[in-house]
> 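I have a structure here, written as structure tokens, and I will follow up with some questions on it.
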Amino acid sequence: MTENRNEHVDVPSPAEQNSTDHSSDHGSAEPGGLGRRTFMTLTGLGAAGTAVAAAPSAAAAQASHGARRAPRLRFRKDGTYTIVQFNDTQDDEKIDRRTLELMRAVLDDERPDLVILNGDNITGGCDTPLEMRQAMNNVAQPMEERQIPWAITFGNHDEDSTPSSGVDEAQMLAFYRSYRYNVNGPTARGVTGQGNSHLLIDGTNGRPAFNVWLLDSGRYAPGTIDGQDLTGYPTWDWVRMDQVDWYYRTSVELERRHRRAIPSLMFIHIPLWEYRFMWFGSVDGRTAADHERGVARHQIVGERNEEECPGPFNSGLFSAVQHRGDVKGIFCGHDHVNTYSGNYYGVLLGYAGNTGFGTYGLSGAERNRLRGARVYRLDESADGVLVDTTMRFASEFGIDLTADDQWMEPLPLPKGRA
């Protein structure tokens, strides 16, 4: 089933579910052999662009940027709010130009109040700290140019360049946080991963009306656990129990402090096992009949073109979320050619598809058909606040979908970072 802008998911009425001043009235790594960039260079393909001078460390960039004053997140005067999710921009410093074209087109058309870059923001191929900063800067600029608040999570590919560049996720987070319109908070202390945090969005009355949870779903499973290898099991990472515990305790504390549960969305990069259960309406069944039962029960819309790729263990995150009742939806990326979403026992589970043109897509001439972004519409007067969610695709904006590679030179680093 093909999902388009008119095929959206309405959010059901719930049966149970840092102040960062921005008043928004504006409106997998490819297989071996020659690397994609090396091949393009040797064959003379690609676009010329602007050379960029060497940049200082992320810490120095943040210091030179001055004291951090992140924009305040709050609903518009009419009580509405729009969030855009970009997933798997996943490129090195020479990004495919169409990735930025798509991001800018979505931002100009939707005029969102907040953007989430939900993991695999960059990938391997960056050999130096400068190239890492250039790769991160490329995907930050569409929001910075438009003065739109934005935040990131990490995926399994963000540290692919760390062995050669020496820049890890903690340093990446510091660099992202140095931007004027970035709203990532400091990562939760004593919790697995980087960037575990949440963003409270104030309503028109000045009190929190909505919340956004950002969790690091990790990279890859360890080679062995207790002397046993994981052959036959998925090789990706999973949200760890200390992260689930942090979410649960923080959710309880927010309800205590504000005297009500705060409706929210949660963003993770790697999907949960419950995504597959929802698609088939079953834990063990995998037939067409199982799927049709899942569609009817869970109101599933969108496409599934590859199997879900969760970690080897069920983290218990869905159980915690379903018990708390504050999270209205959990959305991921990771599996580039899946765009489906549905209502799994009161919680929306869904994919955002894949924004980056430099990564794998569908096969053959259809490679770039599903490049896109997911949009969330909120209304503080609605029960549960989240009204609906919709996919937007590159084809809607007349972007070239030919199955080639169109890399460009890095965007200039902003003053204070170059």
Side-chain angles (χ1 to χ4, degrees), residues 1 3 9-12 14-17 85 87 118-119 153 155-156 193 196 212-218 221 233-248 251 263-287 289-353 374 376 384 386 389 391:
M1 170 174 40
E3 187 177 14
V9 177
D10 288 316
V11 179
E16 314 152 27
Q17 223 204 14
Q85 175 187 357
N87 238 101
N118 191 32
T153 69
N156 55 297
N196 299 294
V212 172
W213 299 94
L214 306 172
L215 293 180
D216 181 0
S217 56
Y233 293 100
T235 57
W236 294 274
D237 215 332
W238 65 95
V239 175
R240 303 305 177 95
M241 185 52 65
D242 61 346
Q243 295 172 281
V244 177
D245 179 61
W246 170 79
Y247 150 70
Y248 193 93
S251 171
S264 60
L265 279 170
M266 179 176 285
F267 294 96
I268 56 177
H269 183 75
I270 296 174
L272 306 176
W273 277 99
E274 284 84 0
Y275 282 63
R276 184 176 296 174
F277 302 162
M278 179 181 74
W279 179 264
F280 287 108
S282 170
V283 172
D284 298 316
R286 296 287 186 275
T287 68
D290 292 322
H291 170 56
E292 289 309 311
R293 180 176 62 242
V295 170
R297 179 187 296 155
H298 302 303
Q299 303 96 56
I300 299 170
V301 296
E303 297 186 33
R304 179 185 187 263
N305 295 294
E306 62 179 314
E307 289 192 353
E308 298 82 2
C309 296
F313 304 124
N314 189 319
S315 66
L317 179 60
F318 181 83
S319 180
V321 160
Q322 205 274 340
H323 182 76
R324 281 295 303 142
D326 56 345
V327 175
K328 304 306 178 184
I330 305 174
F331 285 84
C332 71
H334 191 52
D335 304 325
H336 297 186
V337 290
N338 290 345
T339 63
Y340 71 81
S341 62
N343 170 18
Y344 191 68
Y345 299 104
V347 181
L348 293 180
L349 299 181
Y351 284 94
R374 184 169 283 280
Y376 306 86
L386 178 61
T389 178
M391 283 297 300

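Just so it is clear, the structure is predicted and the values come from calculations on it, not from any experiment.
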> State which residues pass salt bridge (Lys or Arg N to Asp or Glu O under 4.0 Å) with D290; sequence neighbours excluded, sorted by chain then number.
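Only R293 meet the salt bridge (Lys or Arg N to Asp or Glu O under 4.0 Å) criterion with D290.
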
> Between I330 and V321, is any pair of side-chain heavy atoms under 4.5 Å apart?
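A side-chain contact under 4.5 Å exists here.
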
> Hey, are the side chains of T389 and R374 touching, using non-hydrogen atoms and a 4.5 Å cut-off?
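Sidechains of R374 and T389: in contact.
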
> Report, one line per pair, each donor and acceptor closer than 3.5 Å where one atom sits in a side chain of residues 307-316; sequence neighbours left out.
residue: E308; atom: OE1; partner: R276; partner atom: NE; Å: 3.1
residue: E308; atom: OE1; partner: R304; partner atom: NE; Å: 3.3
residue: E308; atom: OE1; partner: R304; partner atom: NH2; Å: 2.8
residue: E308; atom: OE2; partner: R304; partner atom: NE; Å: 2.8
residue: E308; atom: OE2; partner: Y340; partner atom: OH; Å: 2.6
residue: N314; atom: OD1; partner: G316; partner atom: N; Å: 3.0
residue: N314; atom: ND2; partner: E274; partner atom: OE2; Å: 3.2
residue: S315; atom: OG; partner: L317; partner atom: N; Å: 3.1

> Not counting sequence neighbours, which residues clear ring pair (Phe, Tyr, Trp, His ring centres under 6.0 Å) with Y344? List them please.
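Result, ring pair (Phe, Tyr, Trp, His ring centres under 6.0 Å) vs Y344: H298, F318.
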
> Sequence neighbours left out, what passes side chain to side chain donor-acceptor pair (under 3.5 Å) with D335? Give chain and number order.
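With sequence neighbours excluded, D335 shows a side chain to side chain donor-acceptor pair (under 3.5 Å) to Y351, given in chain and number order.
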
> Going by the ring-ring contact (aromatic ring centres under 6.0 Å, His included) test, name the single residue among Y247, Y248, F331 that passes it with W213.
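Testing each of Y247, Y248, F331 against W213, the sole residue satisfying ring-ring contact (aromatic ring centres under 6.0 Å, His included) is Y247.
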
> Would you give the length of the straight line joining atom OG of S217 to atom CD1 of I270, rounded to the nearest 0.5 angstrom?
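With rounding to 0.5 Å, OG (S217) is 4.0 Å from CD1 (I270).
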
> Going by salt bridge (Lys or Arg N to Asp or Glu O under 4.0 Å), name the residues that satisfy it together with R286, two or more places apart in sequence or in a different chain.
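Salt bridge (Lys or Arg N to Asp or Glu O under 4.0 Å) list for R286, sorted by chain: empty.
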
> For residues R297 and Y345, determine if any side-chain heavy atom of one lies less than 4.5 Å from a side-chain heavy atom of the other.
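A side-chain contact exists here, since the closest heavy-atom pair is under 4.5 Å.
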
> Looking at E303, is its backbone amide N or carbonyl O close enough to the side chain of T339 to form a donor-acceptor pair, meaning the two atoms are under 3.5 Å apart?
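Yes, T339 side chain to E303 backbone: donor-acceptor pair under 3.5 Å.
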
> Can you name the salt bridge (Lys or Arg N to Asp or Glu O under 4.0 Å) partners of D237, sequence neighbours left out?
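With sequence neighbours excluded, D237 shows a salt bridge (Lys or Arg N to Asp or Glu O under 4.0 Å) to R240, given in chain and number order.
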
> Between CD of Q243 and CG of D216, what distance do you get to the nearest 0.5 Å?
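Nearest 0.5 Å value for the CD-CG distance: 6.0 Å.
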
> Taking only residues two or more places apart in sequence or in another chain, which ones pass side chain to side chain donor-acceptor pair (under 3.5 Å) with Q85?
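For Q85, the residues satisfying side chain to side chain donor-acceptor pair (under 3.5 Å) (neighbours in sequence not counted) are N87, Y376.
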
> What is the minimum heavy-atom distance between H334 and P271, and which atoms define it?
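For H334 and P271, the tightest heavy-atom pair comes out as CD2-CD, 3.6 Å.
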
> Who are the side chain to side chain contact (heavy atoms under 4.5 Å, CB included) partners of D245, not counting sequence neighbours?
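Applying side chain to side chain contact (heavy atoms under 4.5 Å, CB included) to D245 gives R249.
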
> Taking only residues two or more places apart in sequence or in another chain, which ones pass ring pair (Phe, Tyr, Trp, His ring centres under 6.0 Å) with W273?
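Counting only residues at least two positions away or on another chain, W273 forms no ring pair (Phe, Tyr, Trp, His ring centres under 6.0 Å).
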
> Tell me, please, which residues at least two apart from Y275 pass side chain to side chain donor-acceptor pair (under 3.5 Å).
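Side chain to side chain donor-acceptor pair (under 3.5 Å) list for Y275, sorted by chain: empty.
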
> Kindly write out the residues that satisfy side chain to side chain contact (heavy atoms under 4.5 Å, CB included) with T153, not counting sequence neighbours, or none if the list is empty.
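Per chain and number, T153 pairs via side chain to side chain contact (heavy atoms under 4.5 Å, CB included) with N118, L214, F267.
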
> Taking S341 as the fixed residue, which of L348, V301, L349 is the one that meets the side-chain contact (heavy atoms from CB on, under 4.5 Å) rule?
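One option only clears the test, and that one is V301.
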
> Could you tell me which residues satisfy side chain to side chain donor-acceptor pair (under 3.5 Å) with E292, sequence neighbours excluded, listed by chain and number?
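None.
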
> Can you give me the closest heavy-atom contact between A221 and W238, atom names plus distance?
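Shortest heavy-atom contact: CB-CZ3, 4.0 Å.
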
